[in-house]
S.K.: 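Structure in structure tokens, see below.
First the proteins, then the strands, lettered A, B, ... as listed; each starts at 1. The model shown is predicted, which means the values in this text are computed figures rather than measured ones.
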Protein chains: 2
Amino acid sequence: MADATDRRSASPPDPASLPVPERLLSAATRLFAQHGFERTSVQELVDAAGVTKGAMYHYFSSKEDLLFAVYQRVLAMQTRRLEEFAEADGPLAERLHAAAADVVLTTVDNLDDTVIFFRSLHMLSEERRGAVRKERRRYHERFREMIRTGQRQGVFRADVPADLVVNHFFGSVHHLGMWYRPDGALSGAAIGGYYADLLLASLRPDPAPTGTG
Amino acid sequence: MADATDRRSASPPDPASLPVPERLLSAATRLFAQHGFERTSVQELVDAAGVTKGAMYHYFSSKEDLLFAVYQRVLAMQTRRLEEFAEADGPLAERLHAAAADVVLTTVDNLDDTVIFFRSLHMLSEERRGAVRKERRRYHERFREMIRTGQRQGVFRADVPADLVVNHFFGSVHHLGMWYRPDGALSGAAIGGYYADLLLASLRPDPAPTGTG
DNA sequence: CGGCACATACCGCCTGGTCGGTGGGAGGAC
DNA sequence: GTCCTCCCACCGACCAGGCGGTATGTGCCG
């Protein structure tokens with residue numbers, strides 16, 4: 001379950017051995033995250049991937065199509081990861097903790113993807129944006145169900161909407177792209193641990209409600 | 001302190017009574033948030049503001065200059081708000097709670113600004129981006145100091161870095177632009193209350209440390 | 001009558017996308 | 001085995017459009 005991070009050093013010109021679509025995907029991910037979707041010209045992109053425009057338009061119908069492909073890859077990975085944790089054994093609180101920590105870890109291991117995900121959604125067509133949102137929602141709901149279950153069981157406080165907690169948590173995760181640096185003081189795993197702790201702490205049943213209810 | 005929300009219905013063609021620079025600022029805020037900076041052409045922008053290109057380039061040196069002006073306005077507002085709360089009287093925990101809730105409220109009342117802030121940072125020149133980051137950091141630090149103080153006083157748990165807590169919190173606030181809708185089930189004030197509760201709950205001294213340390 | 005606050009026509013550049021071409025490998029005919 | 005054929009993956013010069021930005025003109029106010 002910890003072996004999905006090995007495709008990481010394959011960023012530069014790309015070994016030429018990889019198939020063209022993957023090289024494009026990888027170059028696009030890097031450049032879109034670095035300069036933004038609109039600031040990355042198709043020419044730059046294909047140069048970075050070591051292919052030509054012709055090659056790109058052979059596999060992707062447009063620049064936006066390429067962006068969408070990036071989204072699909074991220075979405076697929078996220079979903080797969082969460083499923084694994086949600087369906088594992090053990091006490092709910094531990095599963096949630098593990099899943100939360102893993103989301104953080106996966107996020108910092110694929111920071112480029114995350115940066116693009118939230119920054120460039122509006123560059124997708126209405127239709128595709130809808131598709132992304134839908135998939136993303138399913139993801140949220142999977143997470144939310146874990147929290148709801150805990151609330152019903154009484155192991156989590158129930159005076160705060162599960163939906164809100166999920167949005168709260170993923171907000172902080174999403175924000176990682178704004179401040180996390182691989183060479184910083186905290187490792188991805190450390191941050192994951194803290195974030196999961198924070199989540200669980202904020203869900204601990206409260207003897208003295210401060211809230212607005 | 002709750003009266004800064006009145007500039008809200010002045011969005012459409014703009015009463016023509018307002019001075020040109022403000023009309024441009026307001027149109028830019030709306031359009032940049034709606035379609036993104038790159039997708040908004042200067043022509044669209046000036047049309048929406050009810051002025052001409054000539055007028056715009058009379059007050060702003062470039063499209064990016066206009067974006068920067070948007071940032072400056074947001075920054076100024078955020079800073080001013082926080083100062084008020086940080087320097088108020090009362091117990092630390094209460095001040096932090098109030099400040100946190102207010103950040104949320106201010107954010108949802110000015111959602112467009114927030115959306116632009118995090119989505120379009122990379123469209124600014126290196127220099128201006130630096131300026132924005134610097135100001136933003138000062139803002140974070142002001143918040144962090146409240147938490148640190150609480151940690152030293154023992155009213156907040158100290159086994160989690162204050163910096164990380166701040167980033168965690170502001171991440172969730174920033175994310176509001178992704179899901180909050182004015183016509184949704186939760187009001188800005190309600191969300192603010194919850195978020196502040198969540199923050200305080202996650203800072204409550206912990207009898208049984210789960211953490212990674 | 002000077003100059004500030006705009007108006008408008010215009011420009012060159014750069015971008016995403018296209019389209020006729022091509023080389024080389026698989027495969028059928030003999 | 002060899003040749004011819006075909007087609008698929010890819011090439012790259014080219015294009016039209018739209019963009020940000022400019023430059024010159026003009027009316028109005030002090």
Side-chain angles (χ1 to χ4, degrees), chain A residues 13-71 116 119-129, chain B residues 13-32 34-71 116 120-129:
Chain A
D14 264 318
S17 56
L18 283 132
V20 171
E22 291 188 26
R23 271 194 283 167
L24 282 165
L25 229 24
S26 136
T29 304
R30 185 158 32 96
L31 292 177
F32 289 168
Q34 218 159 84
H35 314 301
F37 176 75
E38 294 288 89
R39 286 271 163 102
T40 305
S41 75
V42 172
Q43 196 56 55
E44 278 181 273
L45 209 157
V46 296
D47 286 351
V51 303
T52 60
K53 264 191 184 186
M56 180 197 140
Y57 280 96
H58 180 72
Y59 291 104
F60 301 93
S61 64
S62 66
K63 190 180 161 191
E64 190 227 305
D65 195 39
L66 188 48
L67 178 63
F68 185 56
V70 172
Y71 272 87
I116 296 169
R119 190 205 270 159
S120 305
L121 242 188
H122 63 293
M123 296 301 179
L124 255 27
S125 71
E126 195 67 47
E127 190 189 348
R128 289 178 154 174
R129 212 181 316 158
Chain B
D14 264 318
S17 55
L18 282 131
V20 171
E22 289 188 28
R23 268 194 285 168
L24 281 164
L25 228 25
S26 136
T29 305
R30 185 160 31 97
L31 292 177
F32 290 168
Q34 219 159 85
H35 314 301
F37 176 74
E38 295 287 87
R39 286 272 164 103
T40 305
S41 77
V42 173
Q43 196 56 54
E44 276 181 274
L45 209 157
V46 297
D47 286 352
V51 302
T52 62
K53 264 192 185 185
M56 179 197 141
Y57 279 97
H58 180 73
Y59 291 105
F60 301 93
S61 64
S62 67
K63 190 181 160 190
E64 190 227 306
D65 195 39
L66 189 49
L67 178 63
F68 185 57
V70 172
Y71 273 86
I116 296 170
S120 304
L121 241 189
H122 63 293
M123 295 302 179
L124 254 27
S125 71
E126 196 67 46
E127 190 190 346
R128 289 178 153 175
R129 213 182 315 159

S.K.: Please set out all donor-acceptor pairs under 3.5 angstrom arising from side-chain atoms of residues 120-127 of chain B, sequence neighbours excluded.
M.R.:
unit_1	atom_1	unit_2	atom_2	d
B:His122	ND1	A:Arg119	NE	3.2
B:His122	ND1	B:Arg119	O	3.3
B:Ser125	OG	B:Arg128	N	3.2

S.K.: Give the B/S/- string for nucleotides 8-18 of chain D, one per nucleotide from 5' to 3', where a protein heavy atom under 4.0 Å of the base yields B, of only the sugar-phosphate yields S, and otherwise -.
M.R.: -BBBB------
S.K.: My understanding is that only residues two or more places apart in sequence, or in another chain, count here; which of them pass side chain to side chain donor-acceptor pair (under 3.5 Å) with B:Thr29?
M.R.: B:Arg73
S.K.: Within the 4.0 Å heavy-atom criterion, would you say A:Thr40 contacts the bases, only the backbone, or no part of the nucleic acid?
M.R.: sugar-phosphate
S.K.: Under the 3.5 angstrom rule, does the side chain of A:Glu22 hit a backbone N or O of A:Pro19 as a donor-acceptor pair?
M.R.: no
S.K.: At the 4.0 Å heavy-atom cut-off to chain B, mark where contacts on DNA chain C begin and end, going 5' to 3'.
M.R.: C:dA5 to C:dT8
S.K.: Near DNA chain D, under 4.0 Å by heavy atom, which residues of residues 31-39 of chain A?
M.R.: none
S.K.: List in chain and number order the residues that pass ring pair (Phe, Tyr, Trp, His ring centres under 6.0 Å) with A:Phe37, two or more places apart in sequence or in another chain; answer none if no residue qualifies.
M.R.: A:Phe32
S.K.: For residues B:Ile116 and B:Ala28, report the shortest heavy-atom separation together with the two atoms involved.
M.R.: CD1-O, 4.3 Å
S.K.: Can you confirm whether A:Arg23 sits close enough to A:Ser26 that some side-chain heavy atom of one is under 4.5 Å from a side-chain heavy atom of the other?
M.R.: no
S.K.: Quick check: do B:Gln34 and B:Arg39 have side-chain heavy atoms less than 4.5 Å from each other?
M.R.: no
S.K.: So which atom in A:Ala27 and which in A:Leu45 form the shortest heavy-atom distance, rounded to 0.1 Å?
M.R.: CB-O, 4.2 Å
S.K.: Mind checking what makes ring pair (Phe, Tyr, Trp, His ring centres under 6.0 Å) contact with A:Tyr71, not counting sequence neighbours?
M.R.: A:Phe117
S.K.: Just how far, in rounded Å, is C1' of D:dC19 from NZ of B:Lys63?
M.R.: 8 Å
S.K.: For residues 47-56 of chain A, which residue pairs pass the side-chain hydrogen bond (donor to acceptor under 3.5 Å, both in side chains) check, not counting sequence neighbours?
M.R.: A:Gln43-A:Asp47
S.K.: Sort out for me which residue in A:Val46, A:Asp65, A:Val20 forms a side-chain contact (heavy atoms from CB on, under 4.5 Å) with A:Met56.
M.R.: A:Val46
S.K.: Which residues pass the ring pair (Phe, Tyr, Trp, His ring centres under 6.0 Å) test with A:Tyr59, sequence neighbours left out?
M.R.: none
S.K.: Short question: side chain of A:Lys63, backbone of A:Thr40 - any donor-acceptor pair under 3.5 Å?
M.R.: yes
S.K.: Atom pairs under 3.5 Å, N or O on each side, protein against nucleotides 27-29 of chain D: can you list them with distances?
M.R.:
none

